[in-house]
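Got a structure here, written out as structure tokens. Questions coming.
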Amino acid sequence: MKYQREKIITAIIISLFVFALFSVIVFSTTELNLSAKSAALYEPESGRFLYKKNSSAPLAMASTTKIMTALIALENSSPEELVTTPAEACGIEGSSLYLKEGETFFMKDLLLGLMLRSANDAAEAIAYHISGSTEDFATLMNNKARELKLSSTNFKNPHGLDDPEHYTTAEELAIITAEALKNPLFKQIVSTKRATVTNTAGESRIIVNHNKLLSMYDGAYGVKTGFTKRSGRSLVGAAEKDGLSFITVTINAPDDWSDHIKMFDFGFSTLEKRVVAEKGQFSHRIPVVGGEGDFVRVTNEESFSVIVGKDSEEVTTHVRMHRYLAAPIKKGDVVGTVIFTMQNKTLGKINIIAEEDVNTPKKKGFFSIF
């Protein structure tokens, strides 16, 4: 009788977990009236673009190139490596750290110069250190672009100075940035407003970040400015609030700061990050067959969050678990799964595990007497 009551209660609990409805985004075609020739608003966790303007057009991207330069440097060197300035890096046109031939810095300091001051000589020094030439370094950049499945991006140099075969799109630049931001040091560097870099001779330079978004927008933490006369003003931004991040890209934008603020405001007013399942939300007792105990307590040890629209669509929660389990059961065994879907597309899943052991009864022994 007790077993039947527990079985019925368990079935009711499971049925209550089968559907949980949440609102998810329905994207609009809102026109933000941006100045940019090309623009994109990207939410990297789900890989969705919320806003696009001519975003697949291949265009020159100027010094936003250095996002890929920094990514390649971080993947192919150590921040503590010493980099000696080659002659080829000295006197490069445009923004500069004014490096001298033979001058030596830690890689992390050159990366600060690269991303904050947009130093073209730092880009050359990094390229020669890693690959021996800018051409071979550009090959690494293009290989990374292919690895990211980017079909409309091509690099000819590590700094972004004008070259007709050096281009990307707003969409693909957003994807490159999302990849780079996975590296904690990259994120730390691009969010730094002011730094001092020192060579091994003890000579220091103070550098200031050109990215005004860091001061203009609450939650902004990057990423990179760019400008040449041919390409116009390019800018990549990133901002985070309440666990939700956006990457913004503009290419050839006369009023880029305003463009990015408009995109950030649109993104944060449209989406939110919502907890769909709390840790331990699916805790209950399941009947056990053939065990020393009649029940085992199970739970989910992970929470699950989903990025959803503030007033649209649905997320559905499905619990897949047997009505009873067979002994033996070990603590930590996966005994079920909670699957989260939206419009028949799986968003993710978490496991339900046993919180305790349930052994099978020990066989009784016997003695033989002769």
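All figures in this text were calculated on a predicted structure; none of them were measured in a lab.
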task = Only counting residues at least two apart or in another chain, list the ones meeting ring-ring contact (aromatic ring centres under 6.0 Å, His included) with F268.
result = F246
key: Residues that K262 engages under salt bridge (Lys or Arg N to Asp or Glu O under 4.0 Å), provided they are two or more places apart   =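 None.
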Test salt bridge (Lys or Arg N to Asp or Glu O under 4.0 Å) applied to R205 - qualifying residues, sequence neighbours left out = E103
ask   = Between atom CG of L325 and atom CZ of F295, what is the distance when rounded to the nearest 0.5 Å?
value =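 CZ of F295 is found 11.5 Å from CG of L325.
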request  = Verify whether one side chain among T228 and D162 offers a donor that lies under 3.5 Å from an acceptor in the other.
outcome  = yes
request  = Flag yes if I339 and V276 sit in one hydrophobic cluster, no otherwise; membership is Ile, Leu, Val, Met, Phe, Trp, Tyr, and two members link when side-chain heavy atoms are under 4.5 Å apart.
outcome  =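 In one cluster with I339: V276, no.
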message = Quick one: does any side-chain atom of S77 pair with a main-chain N or O of L74 as donor and acceptor, under 3.5 Å?
response =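 No; zero donor-acceptor contacts below 3.5 Å.
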key: Sequence-distant partners of E278, side-chain hydrogen bond (donor to acceptor under 3.5 Å, both in side chains), two or more places apart   =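 E278 satisfies side-chain hydrogen bond (donor to acceptor under 3.5 Å, both in side chains) with no other residue.
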Residue pair S245 / P44: nearest heavy atoms and the distance that separates them =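 Between these two residues, the closest heavy atoms are O-CD, 3.4 Å.
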ask   = Are L161 and I67 in one and the same hydrophobic cluster, where Ile, Leu, Val, Met, Phe, Trp and Tyr link if side-chain heavy atoms are under 4.5 Å apart?
value =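 Looking at the clustering, I67 is in a separate group from L161.
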inquiry  = Please find the pair of heavy atoms, one from K66 and one from M115, that lie closest to each other, and give the distance.
reply    =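 Residues K66 and M115, closest heavy atoms: O-SD, 3.5 Å.
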message = Looking at R194, I want to see if its CZ is surrounded by more than 12 non-hydrogen atoms of other residues, nucleotides or ligands under 6.0 Å.
response =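 Counting neighbours around CZ of R194, 12 or fewer heavy atoms of other residues, nucleotides or ligands fall under 6.0 Å, so no.
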request  = Give a yes or no on this: more than 12 heavy atoms of other residues, nucleotides or ligands lie within 6.0 Å of atom CZ of R230.
outcome  =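 Counting neighbours around CZ of R230, more than 12 heavy atoms of other residues, nucleotides or ligands fall under 6.0 Å, so yes.
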request  = Tell me yes or no: between the side chains of D121 and S96, is some donor less than 3.5 Å from an acceptor?
outcome  =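 S96 and D121 do have a side-chain donor-acceptor pair below 3.5 Å.
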request  = Please list, chain by chain and in numerical order, all residues satisfying salt bridge (Lys or Arg N to Asp or Glu O under 4.0 Å) with K100, sequence neighbours excluded.
outcome  = E203
query = Of all heavy-atom pairs between A60 and I251, which one has the smallest distance, and what is that distance?
reply =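 Minimum heavy-atom contact is O-CG2, 3.5 Å.
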ask   = Under the salt bridge (Lys or Arg N to Asp or Glu O under 4.0 Å) test, which residues partner E292, sequence neighbours left out?
value = none
request  = Would you check, one step at a time, whether the test side-chain contact (heavy atoms from CB on, under 4.5 Å) holds for N209 with K224?
outcome  = CA-CA 9 Å; N209 200 325; K224 187 70 189 74; over 6 Å; no
ask   = Can you name the residues that form a ring-ring contact (aromatic ring centres under 6.0 Å, His included) with F340, not counting sequence neighbours?
value = F304
inquiry  = Suppose we screen for side-chain hydrogen bond (donor to acceptor under 3.5 Å, both in side chains). Which residues come up paired with T84, at least two apart in sequence or across chains?
reply    = T104
query = G237 and L213: which non-hydrogen atoms are nearest, and at how many Å?
reply = CA-CD1, 3.9 Å
Atom pair CD/CG of E179 and L148 - distance to nearest 0.5 Å =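 That separation rounds to 5.0 Å.
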message = Tell me whether N183 contacts the main-chain N or O of L185 through its side chain, where contact means a donor paired with an acceptor under 3.5 Å.
response = yes
ask   = Are L214 and L235 connected, step by step, through hydrophobic side chains (Ile, Leu, Val, Met, Phe, Trp, Tyr) whose heavy atoms are closer than 4.5 Å?
value = no
query = Where the side chain of T64 meets the backbone of M61, is there a donor-acceptor pair that is under 3.5 Å apart?
reply =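 Pair found, side chain donor or acceptor close to backbone of M61.
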ask   = Backbone N or O of S133 within a donor-acceptor pair of the D136 side chain at under 3.5 Å?
value =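 Not confirmed, D136 side chain does not pair with S133 backbone.
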request  = State the CG-CZ distance between N76 and F137, to the nearest 0.5 angstrom.
outcome  =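 With rounding to 0.5 Å, CG (N76) is 7.5 Å from CZ (F137).
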request  = May I ask whether Y221 and L114 are part of the same hydrophobic cluster, defined by side-chain heavy atoms of I, L, V, M, F, W, Y residues being less than 4.5 angstrom apart, directly or through others?
outcome  = yes
ask   = Distance from T192 atom OG1 to N211 atom CG, nearest 0.5 Å?
value =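 Separation between the atoms: 11.5 Å.
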inquiry  = Which heavy atom of D259 sits nearest to which heavy atom of L34, and what is that distance?
reply    =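 Here D259 and L34 meet closest at OD1-CA, 3.5 Å.
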query = Quick one: CG on L59 to OG1 on T169, what's the gap to the nearest 0.5 Å?
reply = 8.5 Å
query = Quick check: are there more than 12 heavy atoms from other residues, nucleotides or ligands sitting under 6.0 Å from CD of E93?
reply = no
ask   = Side-chain contact, heavy-atom cut-off 4.5 Å: L71 with F186?
value =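 Of all side-chain heavy-atom pairs linking F186 with L71, none is under 4.5 Å.
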ask   = Heavy atoms, side chains only, cut-off 4.5 Å: are H322 and I286 in contact?
value =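 No, too far: nothing below the 4.5 Å cut-off.
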inquiry  = In the structure I gave you, are the side-chain heavy atoms of V296 and E355 within less than 4.5 Å of one another anywhere?
reply    = no
request  = Tell me yes or no: between the side chains of S56 and E171, is some donor less than 3.5 Å from an acceptor?
outcome  = no
request  = Could you check if a side-chain atom of N142 sits within less than 4.5 angstrom of a side-chain atom of R146, using non-hydrogen atoms only?
outcome  =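 Sidechains of R146 and N142: in contact.
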key: Test side-chain contact (heavy atoms from CB on, under 4.5 Å) applied to S215 - qualifying residues, sequence neighbours left out   = K193
query = Is a donor on one side and an acceptor on the other found under 3.5 Å between the side chain of E124 and the backbone of C90?
reply = no
Whether S131 side chain and Y128 backbone form a donor-acceptor pair below 3.5 Å = no
key: Those residues that, when tested against E75, pass side-chain hydrogen bond (donor to acceptor under 3.5 Å, both in side chains) (two or more places apart)   =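 E75: side-chain hydrogen bond (donor to acceptor under 3.5 Å, both in side chains) contacts with K144.
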ask   = Quick check: does any side chain N or O of E172 sit under 3.5 Å from a backbone N or O of S152, one acting as donor and the other as acceptor?
value =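 Checked: pair present.
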query = Just by distance, do the side chain of N351 and the backbone of I353 share a donor-acceptor pair under 3.5 Å?
reply = no
task = Considering non-hydrogen atoms only, spot the tightest contact between V223 and L181 and give its length.
result =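 In terms of heavy atoms, the two residues are closest at CG2-CD1, 4.4 Å.
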query = Is there a path from M216 to L41 through hydrophobic residues (I, L, V, M, F, W, Y) whose side chains come within less than 4.5 Å of each other?
reply = yes
key: ring-ring contact (aromatic ring centres under 6.0 Å, His included) against F105, all qualifying residues, sequence neighbours excluded   = none
query = What is the distance from atom CG of N300 to atom NZ of K349, rounded to the nearest 0.5 Å?
reply = 14.5 Å
inquiry  = Applying the side-chain contact (heavy atoms from CB on, under 4.5 Å) criterion to F282, which one of T299, V319, V298 satisfies it?
reply    = V319
Residues K53 and T250: side-chain donor-acceptor under 3.5 angstrom = no
message = I'd like to know if the side chain of N199 and the backbone of A201 have a donor-acceptor N/O pair within less than 3.5 Å.
response = yes
query = Got a sec: does the NZ of K241 have more than 12 other heavy atoms crowding it under 6.0 Å?
reply = yes
request  = Among Y217, Y51, Y42, find the one that has a ring-ring contact (aromatic ring centres under 6.0 Å, His included) with F264.
outcome  =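 The ring-ring contact (aromatic ring centres under 6.0 Å, His included) with F264 is passed solely by Y217 among Y217, Y51, Y42.
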ask   = With sequence neighbours left out, what residues match H166 under side-chain hydrogen bond (donor to acceptor under 3.5 Å, both in side chains)?
value = T65
query = Distance-only, no hydrogens or angles: does the D242 side chain make a donor-acceptor pair with backbone N or O of L244 under 3.5 Å?
reply = no
request  = Starting from the C-alpha separation in whole Å, work towards a yes-or-no answer on side chain to side chain donor-acceptor pair (under 3.5 Å) for S63 and S118.
outcome  = CA-CA 7 Å; S63 284; S118 198; 3.1 Å; yes
